Amino acid sequence: MPENVQGTFVSEKISKIRWKHEDFADAKHFLTGSWDDPVNKISYWTFQKNDEEELYPVNIASHIVIGDVTEIKFIGKNEFVSSSSQGNVKVFKLQEDPYCEIKEINAWNGIHKFNITKEPASCTALSTFEQDIVTVGEDGRINLLTAQQINPVRVIEDADSCSLYCVDFLRHSEILTGNIRGHMKVWDLRSNQDTPATSIMLSCFHGSDQAKTEATSIAHHPTQKHIVVAGGGDGSLTVWDLRYNTYPISQLSAHAKSVSEILFHKDRPENLFSCSISGELWHWNNTQHSKLKLDTTDSHWLNTINNKGKCQVNSLCTPLHKPINSIDIDKTSMLFGCDNEAIYIIRNLNV
(Lines give C-alpha, C1' and ligand atoms only; values in the text may rest on other atoms or scores of the structure.)
Protein backbone atom coordinates (compact mmCIF):
# COMPACT_ATOMS: atom_id res chain seq x y z
CA MET A 1 0.00 0.00 0.00
CA PRO A 2 1.41 3.49 -0.87
CA GLU A 3 2.84 5.53 2.01
CA ASN A 4 0.13 8.19 1.79
CA VAL A 5 -2.65 5.60 2.32
CA GLN A 6 -3.63 4.95 5.93
CA GLY A 7 -6.04 2.16 6.86
CA THR A 8 -7.95 1.64 10.11
CA PHE A 9 -9.80 -1.56 11.04
CA VAL A 10 -13.32 -0.73 12.30
CA SER A 11 -14.94 -4.21 12.58
CA GLU A 12 -17.78 -3.44 10.15
CA LYS A 13 -18.27 -3.42 6.40
CA ILE A 14 -18.52 0.17 5.18
CA SER A 15 -21.26 0.91 2.65
CA LYS A 16 -20.95 4.72 2.62
CA ILE A 17 -18.36 7.28 3.70
CA ARG A 18 -18.77 11.08 3.57
CA TRP A 19 -16.62 14.05 4.61
CA LYS A 20 -18.21 16.80 6.68
CA HIS A 21 -16.91 19.63 4.51
CA GLU A 22 -15.76 22.87 6.10
CA ASP A 23 -16.10 26.26 4.40
CA PHE A 24 -12.42 27.18 4.39
CA ALA A 25 -10.49 24.72 6.55
CA ASP A 26 -9.59 21.14 5.72
CA ALA A 27 -12.23 18.64 6.76
CA LYS A 28 -11.61 16.96 10.12
CA HIS A 29 -14.84 14.97 10.57
CA PHE A 30 -16.65 12.36 8.52
CA LEU A 31 -19.56 9.91 8.56
CA THR A 32 -19.69 6.21 7.76
CA GLY A 33 -22.58 3.80 7.26
CA SER A 34 -22.30 0.04 7.70
CA TRP A 35 -24.03 -2.96 6.15
CA ASP A 36 -24.34 -6.74 6.46
CA ASP A 37 -24.42 -6.76 10.28
CA PRO A 38 -27.36 -7.82 12.49
CA VAL A 39 -27.26 -4.24 13.80
CA ASN A 40 -25.86 -1.56 11.51
CA LYS A 41 -24.77 1.97 12.35
CA ILE A 42 -24.16 5.47 11.14
CA SER A 43 -20.95 6.61 12.83
CA TYR A 44 -19.38 10.05 13.26
CA TRP A 45 -15.59 10.28 13.27
CA THR A 46 -12.83 12.77 13.95
CA PHE A 47 -9.02 12.56 13.88
CA GLN A 48 -6.72 12.45 16.91
CA LYS A 49 -2.97 12.09 17.27
CA ASN A 50 -1.44 8.91 18.65
CA ASP A 51 1.82 8.59 20.57
CA GLU A 52 3.79 8.89 17.32
CA GLU A 53 1.98 12.17 16.51
CA GLU A 54 0.13 10.46 13.66
CA LEU A 55 -3.50 11.37 12.98
CA TYR A 56 -5.91 8.46 13.12
CA PRO A 57 -9.75 8.26 13.06
CA VAL A 58 -11.70 8.01 16.32
CA ASN A 59 -15.42 7.30 16.58
CA ILE A 60 -17.20 10.00 18.62
CA ALA A 61 -20.89 9.13 18.05
CA SER A 62 -23.04 6.37 16.53
CA HIS A 63 -26.69 5.80 15.66
CA ILE A 64 -28.36 2.39 15.22
CA VAL A 65 -29.90 1.72 11.79
CA ILE A 66 -32.50 -0.91 10.92
CA GLY A 67 -31.25 -2.62 7.77
CA ASP A 68 -28.18 -1.69 5.72
CA VAL A 69 -27.15 1.94 5.23
CA THR A 70 -27.54 2.57 1.49
CA GLU A 71 -26.69 6.29 1.24
CA ILE A 72 -25.56 9.33 3.26
CA LYS A 73 -25.64 12.92 1.96
CA PHE A 74 -25.06 16.20 3.80
CA ILE A 75 -27.77 18.84 3.26
CA GLY A 76 -26.32 21.46 5.62
CA LYS A 77 -23.32 22.12 7.83
CA ASN A 78 -24.56 19.69 10.51
CA GLU A 79 -27.59 18.07 8.84
CA PHE A 80 -27.54 14.99 6.66
CA VAL A 81 -29.98 12.51 5.14
CA SER A 82 -29.58 8.74 5.13
CA SER A 83 -31.43 5.81 3.57
CA SER A 84 -31.67 2.11 4.36
CA SER A 85 -32.41 -1.27 2.81
CA GLN A 86 -35.64 -1.31 4.85
CA GLY A 87 -37.05 1.50 2.71
CA ASN A 88 -36.56 4.21 5.34
CA VAL A 89 -35.23 7.72 4.73
CA LYS A 90 -34.25 9.94 7.67
CA VAL A 91 -32.80 13.38 8.33
CA PHE A 92 -30.26 13.70 11.15
CA LYS A 93 -28.46 16.50 12.92
CA LEU A 94 -24.98 16.33 14.39
CA GLN A 95 -25.34 17.81 17.86
CA GLU A 96 -22.21 18.78 19.78
CA ASP A 97 -23.63 20.08 23.09
CA PRO A 98 -23.96 19.00 25.83
CA TYR A 99 -22.33 15.91 24.28
CA CYS A 100 -21.82 14.65 20.75
CA GLU A 101 -24.76 12.71 19.31
CA ILE A 102 -26.52 11.95 16.02
CA LYS A 103 -30.09 13.18 16.51
CA GLU A 104 -32.99 12.18 14.23
CA ILE A 105 -35.07 15.22 13.22
CA ASN A 106 -37.31 13.86 10.45
CA ALA A 107 -38.19 10.45 9.02
CA TRP A 108 -40.09 8.81 6.18
CA ASN A 109 -40.35 5.23 7.36
CA GLY A 110 -41.38 2.63 4.79
CA ILE A 111 -41.45 5.16 1.98
CA HIS A 112 -40.19 2.43 -0.34
CA LYS A 113 -42.24 -0.79 -0.35
CA PHE A 114 -43.56 -3.30 -2.84
CA ASN A 115 -47.15 -2.59 -3.87
CA ILE A 116 -48.46 -6.15 -3.82
CA THR A 117 -46.80 -7.63 -0.73
CA LYS A 118 -46.35 -4.31 1.13
CA GLU A 119 -42.96 -5.61 2.22
CA PRO A 120 -40.10 -3.11 2.58
CA ALA A 121 -38.16 -2.32 -0.59
CA SER A 122 -34.60 -1.08 -0.35
CA CYS A 123 -34.08 2.63 -0.88
CA THR A 124 -31.15 2.05 -3.21
CA ALA A 125 -30.07 5.67 -3.74
CA LEU A 126 -30.85 9.30 -3.03
CA SER A 127 -29.67 12.68 -4.25
CA THR A 128 -30.00 16.16 -2.76
CA PHE A 129 -30.36 19.72 -3.99
CA GLU A 130 -30.05 22.09 -1.02
CA GLN A 131 -32.92 20.93 1.26
CA ASP A 132 -34.69 18.86 -1.41
CA ILE A 133 -34.21 15.10 -1.50
CA VAL A 134 -35.08 12.60 -4.22
CA THR A 135 -35.07 8.87 -3.47
CA VAL A 136 -35.35 5.75 -5.64
CA GLY A 137 -35.69 2.10 -4.75
CA GLU A 138 -36.16 -1.53 -5.67
CA ASP A 139 -39.90 -0.82 -5.93
CA GLY A 140 -39.36 1.41 -8.98
CA ARG A 141 -40.73 4.43 -7.11
CA ILE A 142 -39.41 8.01 -7.09
CA ASN A 143 -40.05 10.16 -4.02
CA LEU A 144 -39.43 13.91 -3.94
CA LEU A 145 -39.03 15.12 -0.34
CA THR A 146 -37.99 18.24 1.48
CA ALA A 147 -36.14 18.13 4.78
CA GLN A 148 -38.53 20.46 6.62
CA GLN A 149 -41.80 18.56 6.11
CA ILE A 150 -43.03 15.05 6.75
CA ASN A 151 -45.30 14.67 3.71
CA PRO A 152 -43.63 13.92 0.36
CA VAL A 153 -43.71 16.76 -2.14
CA ARG A 154 -44.34 14.30 -4.96
CA VAL A 155 -44.43 10.55 -5.50
CA ILE A 156 -44.07 8.89 -8.92
CA GLU A 157 -45.50 5.53 -7.95
CA ASP A 158 -44.68 3.50 -11.06
CA ALA A 159 -41.68 5.39 -12.36
CA ASP A 160 -40.07 2.13 -13.46
CA SER A 161 -41.14 -1.48 -13.90
CA CYS A 162 -37.87 -2.73 -12.39
CA SER A 163 -35.47 -1.73 -9.64
CA LEU A 164 -33.96 1.75 -9.78
CA TYR A 165 -30.30 1.70 -8.74
CA CYS A 166 -29.14 5.34 -8.90
CA VAL A 167 -30.42 8.91 -9.08
CA ASP A 168 -28.85 12.35 -9.49
CA PHE A 169 -30.17 15.92 -9.27
CA LEU A 170 -28.99 17.60 -12.48
CA ARG A 171 -30.69 20.85 -11.44
CA HIS A 172 -33.50 21.83 -9.08
CA SER A 173 -36.21 20.78 -11.53
CA GLU A 174 -34.49 17.84 -13.23
CA ILE A 175 -33.26 14.42 -12.13
CA LEU A 176 -31.59 11.47 -13.85
CA THR A 177 -32.31 7.87 -12.86
CA GLY A 178 -30.69 4.57 -13.82
CA ASN A 179 -32.17 1.10 -13.46
CA ILE A 180 -31.19 -2.56 -13.38
CA ARG A 181 -31.74 -2.91 -17.15
CA GLY A 182 -29.51 0.02 -18.10
CA HIS A 183 -32.32 2.48 -18.84
CA MET A 184 -31.26 6.06 -18.07
CA LYS A 185 -34.19 8.47 -17.75
CA VAL A 186 -34.31 12.24 -17.37
CA TRP A 187 -37.33 13.52 -15.39
CA ASP A 188 -38.63 17.08 -15.52
CA LEU A 189 -40.10 17.66 -12.04
CA ARG A 190 -42.08 20.66 -13.29
CA SER A 191 -44.15 18.40 -15.52
CA ASN A 192 -47.50 17.06 -14.29
CA GLN A 193 -46.91 13.88 -16.26
CA ASP A 194 -45.40 10.85 -14.50
CA THR A 195 -43.32 10.02 -17.55
CA PRO A 196 -39.67 10.75 -18.29
CA ALA A 197 -38.70 13.62 -20.58
CA THR A 198 -35.89 11.58 -22.17
CA SER A 199 -34.66 7.98 -22.12
CA ILE A 200 -31.24 6.64 -23.11
CA MET A 201 -29.58 3.24 -22.84
CA LEU A 202 -26.45 2.00 -21.11
CA SER A 203 -24.88 -0.77 -23.21
CA CYS A 204 -22.31 -3.38 -22.29
CA PHE A 205 -18.85 -2.28 -23.37
CA HIS A 206 -18.13 -5.48 -25.29
CA GLY A 207 -21.73 -6.31 -26.09
CA SER A 208 -23.98 -5.70 -29.06
CA ASP A 209 -26.58 -2.95 -29.21
CA GLN A 210 -29.00 -5.35 -27.52
CA ALA A 211 -26.61 -6.22 -24.66
CA LYS A 212 -27.37 -3.98 -21.68
CA THR A 213 -25.77 -3.56 -18.28
CA GLU A 214 -27.27 -2.11 -15.13
CA ALA A 215 -26.55 1.50 -14.19
CA THR A 216 -24.91 1.39 -10.76
CA SER A 217 -23.71 4.98 -10.23
CA ILE A 218 -24.19 8.45 -11.74
CA ALA A 219 -22.17 11.64 -11.39
CA HIS A 220 -22.48 14.99 -13.17
CA HIS A 221 -19.77 17.56 -13.86
CA PRO A 222 -19.86 20.19 -11.06
CA THR A 223 -20.16 23.19 -13.39
CA GLN A 224 -21.34 21.59 -16.66
CA LYS A 225 -24.26 19.53 -15.41
CA HIS A 226 -25.17 18.30 -18.88
CA ILE A 227 -21.96 16.24 -18.77
CA VAL A 228 -22.81 12.96 -17.02
CA VAL A 229 -20.75 9.86 -16.26
CA ALA A 230 -22.51 6.57 -15.52
CA GLY A 231 -20.91 3.46 -14.03
CA GLY A 232 -22.10 0.07 -15.21
CA GLY A 233 -22.48 -3.38 -13.76
CA ASP A 234 -19.86 -4.56 -16.25
CA GLY A 235 -17.30 -2.11 -14.82
CA SER A 236 -17.53 0.36 -17.71
CA LEU A 237 -17.82 4.15 -17.56
CA THR A 238 -20.06 5.88 -20.09
CA VAL A 239 -19.98 9.63 -20.73
CA TRP A 240 -22.93 11.62 -22.10
CA ASP A 241 -23.56 15.19 -23.08
CA LEU A 242 -27.29 15.33 -22.28
CA ARG A 243 -27.79 18.12 -24.80
CA TYR A 244 -27.08 15.51 -27.49
CA ASN A 245 -28.16 12.37 -25.70
CA THR A 246 -28.79 9.88 -28.49
CA TYR A 247 -25.29 8.42 -28.25
CA PRO A 248 -22.65 8.69 -25.52
CA ILE A 249 -19.54 10.80 -26.06
CA SER A 250 -17.42 7.84 -25.03
CA GLN A 251 -17.60 4.48 -23.34
CA LEU A 252 -14.61 3.30 -21.38
CA SER A 253 -13.56 -0.22 -20.50
CA ALA A 254 -12.72 0.48 -16.87
CA HIS A 255 -12.98 -1.81 -13.85
CA ALA A 256 -12.97 -5.58 -13.81
CA LYS A 257 -16.32 -5.66 -12.00
CA SER A 258 -19.28 -3.40 -11.20
CA VAL A 259 -18.62 0.30 -10.52
CA SER A 260 -19.57 1.22 -6.93
CA GLU A 261 -19.24 5.01 -7.03
CA ILE A 262 -18.07 7.80 -9.33
CA LEU A 263 -16.96 11.20 -8.05
CA PHE A 264 -15.83 14.44 -9.66
CA HIS A 265 -13.53 16.67 -7.64
CA LYS A 266 -15.76 19.60 -6.68
CA ASP A 267 -13.15 22.34 -7.19
CA ARG A 268 -10.98 20.64 -9.81
CA PRO A 269 -13.45 18.79 -12.03
CA GLU A 270 -10.80 17.67 -14.49
CA ASN A 271 -10.22 14.98 -11.85
CA LEU A 272 -12.61 12.04 -11.71
CA PHE A 273 -12.49 9.10 -9.29
CA SER A 274 -14.10 5.68 -9.45
CA CYS A 275 -14.17 2.58 -7.26
CA SER A 276 -15.38 -0.94 -7.85
CA ILE A 277 -16.51 -4.12 -6.14
CA SER A 278 -13.31 -5.60 -7.60
CA GLY A 279 -11.39 -3.62 -4.94
CA GLU A 280 -9.97 -1.05 -7.35
CA LEU A 281 -9.75 2.72 -6.79
CA TRP A 282 -8.80 4.82 -9.81
CA HIS A 283 -7.99 8.45 -10.50
CA TRP A 284 -8.80 9.78 -13.99
CA ASN A 285 -7.39 13.20 -14.83
CA ASN A 286 -6.86 15.76 -17.56
CA THR A 287 -3.31 14.78 -18.51
CA GLN A 288 -2.10 13.81 -21.95
CA HIS A 289 -2.41 10.09 -21.20
CA SER A 290 -5.74 10.13 -19.39
CA LYS A 291 -8.66 7.95 -20.35
CA LEU A 292 -10.83 11.06 -20.18
CA LYS A 293 -9.89 14.54 -21.30
CA LEU A 294 -11.62 17.83 -20.55
CA ASP A 295 -11.55 20.42 -23.31
CA THR A 296 -11.42 23.69 -21.35
CA THR A 297 -12.77 25.63 -24.34
CA ASP A 298 -16.25 24.15 -24.33
CA SER A 299 -16.09 21.92 -21.23
CA HIS A 300 -16.80 18.75 -23.20
CA TRP A 301 -15.51 15.43 -21.99
CA LEU A 302 -13.82 14.19 -25.11
CA ASN A 303 -13.18 10.68 -26.25
CA THR A 304 -9.46 9.95 -25.99
CA ILE A 305 -9.82 6.22 -26.35
CA ASN A 306 -7.65 4.51 -28.92
CA ASN A 307 -9.02 1.78 -31.13
CA LYS A 308 -8.49 -0.86 -28.48
CA GLY A 309 -10.05 1.21 -25.71
CA LYS A 310 -6.90 1.06 -23.57
CA CYS A 311 -5.33 4.14 -21.93
CA GLN A 312 -3.22 4.86 -18.88
CA VAL A 313 -4.96 5.38 -15.51
CA ASN A 314 -3.68 6.01 -11.99
CA SER A 315 -4.45 3.42 -9.34
CA LEU A 316 -4.60 5.02 -5.88
CA CYS A 317 -4.14 1.86 -3.83
CA THR A 318 -3.15 -1.75 -4.10
CA PRO A 319 -6.23 -3.79 -5.18
CA LEU A 320 -7.94 -4.90 -1.97
CA HIS A 321 -9.73 -7.97 -3.40
CA LYS A 322 -12.82 -6.89 -1.46
CA PRO A 323 -15.42 -4.39 -2.71
CA ILE A 324 -14.59 -0.71 -2.27
CA ASN A 325 -18.11 0.59 -1.80
CA SER A 326 -17.75 4.32 -1.28
CA ILE A 327 -15.39 7.27 -1.81
CA ASP A 328 -15.33 10.96 -0.94
CA ILE A 329 -12.77 13.73 -1.38
CA ASP A 330 -12.09 17.03 0.35
CA LYS A 331 -9.39 19.16 -1.31
CA THR A 332 -6.45 16.69 -1.40
CA SER A 333 -7.72 14.14 1.13
CA MET A 334 -9.73 11.11 0.01
CA LEU A 335 -11.72 8.70 2.15
CA PHE A 336 -12.85 5.26 1.07
CA GLY A 337 -14.62 2.36 2.74
CA CYS A 338 -14.35 -1.34 2.01
CA ASP A 339 -15.87 -4.73 2.74
CA ASN A 340 -12.64 -5.73 4.50
CA GLU A 341 -14.04 -3.85 7.54
CA ALA A 342 -11.61 -0.96 7.23
CA ILE A 343 -11.71 2.73 6.40
CA TYR A 344 -8.89 4.43 4.54
CA ILE A 345 -7.63 7.97 4.04
CA ILE A 346 -5.30 9.13 1.27
CA ARG A 347 -3.57 12.42 2.06
CA ASN A 348 -1.81 14.86 -0.28
CA LEU A 349 -3.54 13.50 -3.35
CA ASN A 350 -2.13 14.91 -6.58
CA VAL A 351 -5.06 16.81 -8.10
Side-chain angles (χ1 to χ4, degrees), residues 15-19 21 31 33 42 69-76 79-85 87-92 106 108 111-112 121-149 152-156 159-160 163-180 183-191 196-198 200 202 214-231 240 242 259-266 269 272-275 325-329:
S15 58
K16 294 295 168 181
I17 192 163
R18 300 288 180 248
W19 281 114
H21 297 282
L31 292 167
I42 295 171
V69 177
T70 56
E71 186 55 279
I72 299 172
K73 296 276 190 182
F74 274 95
I75 55 173
E79 295 80 32
F80 67 92
V81 59
S82 178
S83 57
S84 81
S85 61
N88 303 326
V89 179
K90 299 186 178 185
V91 178
F92 297 94
N106 202 354
W108 300 271
I111 199 167
H112 285 280
S122 177
C123 178
T124 51
L126 65 85
S127 184
T128 62
F129 191 101
E130 297 174 350
Q131 295 287 296
D132 288 342
I133 306 157
V134 63
T135 74
V136 297
E138 287 184 343
D139 53 355
R141 182 183 284 106
I142 297 174
N143 297 301
L144 181 61
L145 316 170
T146 187
Q148 294 88 357
Q149 68 184 51
V153 175
R154 184 177 180 184
V155 177
I156 304 178
D160 214 301
S163 297
L164 289 166
Y165 273 7
C166 48
V167 63
D168 187 41
F169 260 113
L170 301 177
R171 51 184 60 86
H172 189 250
S173 60
E174 193 173 64
I175 62 171
L176 175 66
T177 61
N179 74 9
I180 193 173
H183 297 142
M184 309 282 294
K185 300 178 181 179
V186 178
W187 301 79
D188 185 351
L189 299 178
R190 298 167 297 185
S191 172
T198 306
I200 50 183
L202 187 65
E214 61 266 42
T216 57
S217 182
I218 305 172
H220 65 259
H221 190 280
T223 59
Q224 304 292 323
K225 294 191 176 183
H226 53 274
I227 303 298
V228 171
V229 181
W240 276 280
L242 293 179
V259 177
S260 304
E261 279 194 349
I262 307 167
L263 177 70
F264 281 97
H265 194 289
K266 180 181 177 181
L272 181 76
F273 303 90
S274 62
C275 63
N325 299 315
S326 188
I327 52 178
D328 200 15
I329 190 166

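Here the structure is a predicted model, which means the values were calculated and not measured.
Closest non-hydrogen pair, I75 versus Q131, comes out as O-NE2, 2.9 Å. Here the closest non-hydrogen pair linking I72 and G33 is CD1-N, 3.7 Å. Nearest heavy-atom pair across G231 and L202 is O-CD2, 4.1 Å. Here the closest non-hydrogen pair linking V136 and H112 is C-CE1, 3.4 Å. Between A219 and I262, the shortest heavy-atom contact is CB-O, 3.7 Å. Between F74 and R18, the shortest heavy-atom contact is CE1-O, 4.2 Å.
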Tell me, with the steps shown, if T128 and F80 meet side-chain contact (heavy atoms from CB on, under 4.5 Å). CA-CA 10 Å; T128 62; F80 67 92; over 6 Å; no
Pair L176-H220, side-chain contact (heavy atoms from CB on, under 4.5 Å): steps then yes or no: CA-CA 10 Å; L176 175 66; H220 65 259; over 6 Å; no
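Looking at heavy atoms from C-beta onward, I175 lies in side-chain contact with I142 at the 4.5 angstrom threshold. Contact check for T223 versus F264: no side-chain heavy atoms found under the 4.5 Å cut-off. You'll find the side chain of W108 reaches within 4.5 Å of the side chain of I133, heavy atoms only. Residues L242 and L170 form a side-chain contact, since some pair of their non-hydrogen atoms from C-beta on lies under 4.5 Å apart. At a threshold of 4.5 Å between non-hydrogen side-chain atoms, the residues T177 and N179 do not count as touching.
Taking the six-membered ring for Trp and thresholds of 30 and 60 degrees, H265 and F273 have ring planes inclined between 30 and 60 degrees apart.
Rounding to the nearest 0.5 Å places CD of E261 at 3.5 Å from OG of S326. To the nearest 0.5 Å, the span separating NZ on K16 from CG on N325 amounts to 7.5 Å. Here the straight-line distance linking atom CG of L145 with atom CZ of R154 works out to 13.0 Å at 0.5 Å rounding. Taking SG of C166 as the start and CD of E214 as the end, the distance is 10.0 Å to the nearest 0.5 Å. Here the OG atom belonging to S274 is positioned 6.5 Å from the CD1 atom belonging to I327, to the nearest 0.5 angstrom. In this structure, CZ on F129 lies 12.0 Å from CG on L144, to the nearest 0.5 angstrom.
Partners of D160 under the salt bridge (Lys or Arg N to Asp or Glu O under 4.0 Å) rule, at least two apart in sequence or in another chain, are K185. Every residue two or more places apart in sequence or in another chain was checked for a side chain to side chain donor-acceptor pair (under 3.5 Å) with S15, and none qualifies. Remark: E174 engages R171 in a salt bridge (Lys or Arg N to Asp or Glu O under 4.0 Å) (not counting sequence neighbours).
Under a 3.5 Å cut-off, the side chain of D328 and the backbone N or O of W19 do form a donor-acceptor pair. Listed for the S122 side chain is no donor-acceptor partner under 3.5 Å among the backbone atoms of E138. Put simply, the side chain of T70 gets close to the backbone of C123: a donor and an acceptor are under 3.5 Å apart. N106 places a side-chain N or O within donor-acceptor distance of the main-chain N or O of A147, the cut-off being under 3.5 Å. Under a 3.5 Å cut-off, the side chain of E71 and the backbone N or O of S83 do not form any donor-acceptor pair.
Of the residues listed (V134, D132, V81), the one engaging S127 in a side-chain contact (heavy atoms from CB on, under 4.5 Å) is V134, and it is the only one.
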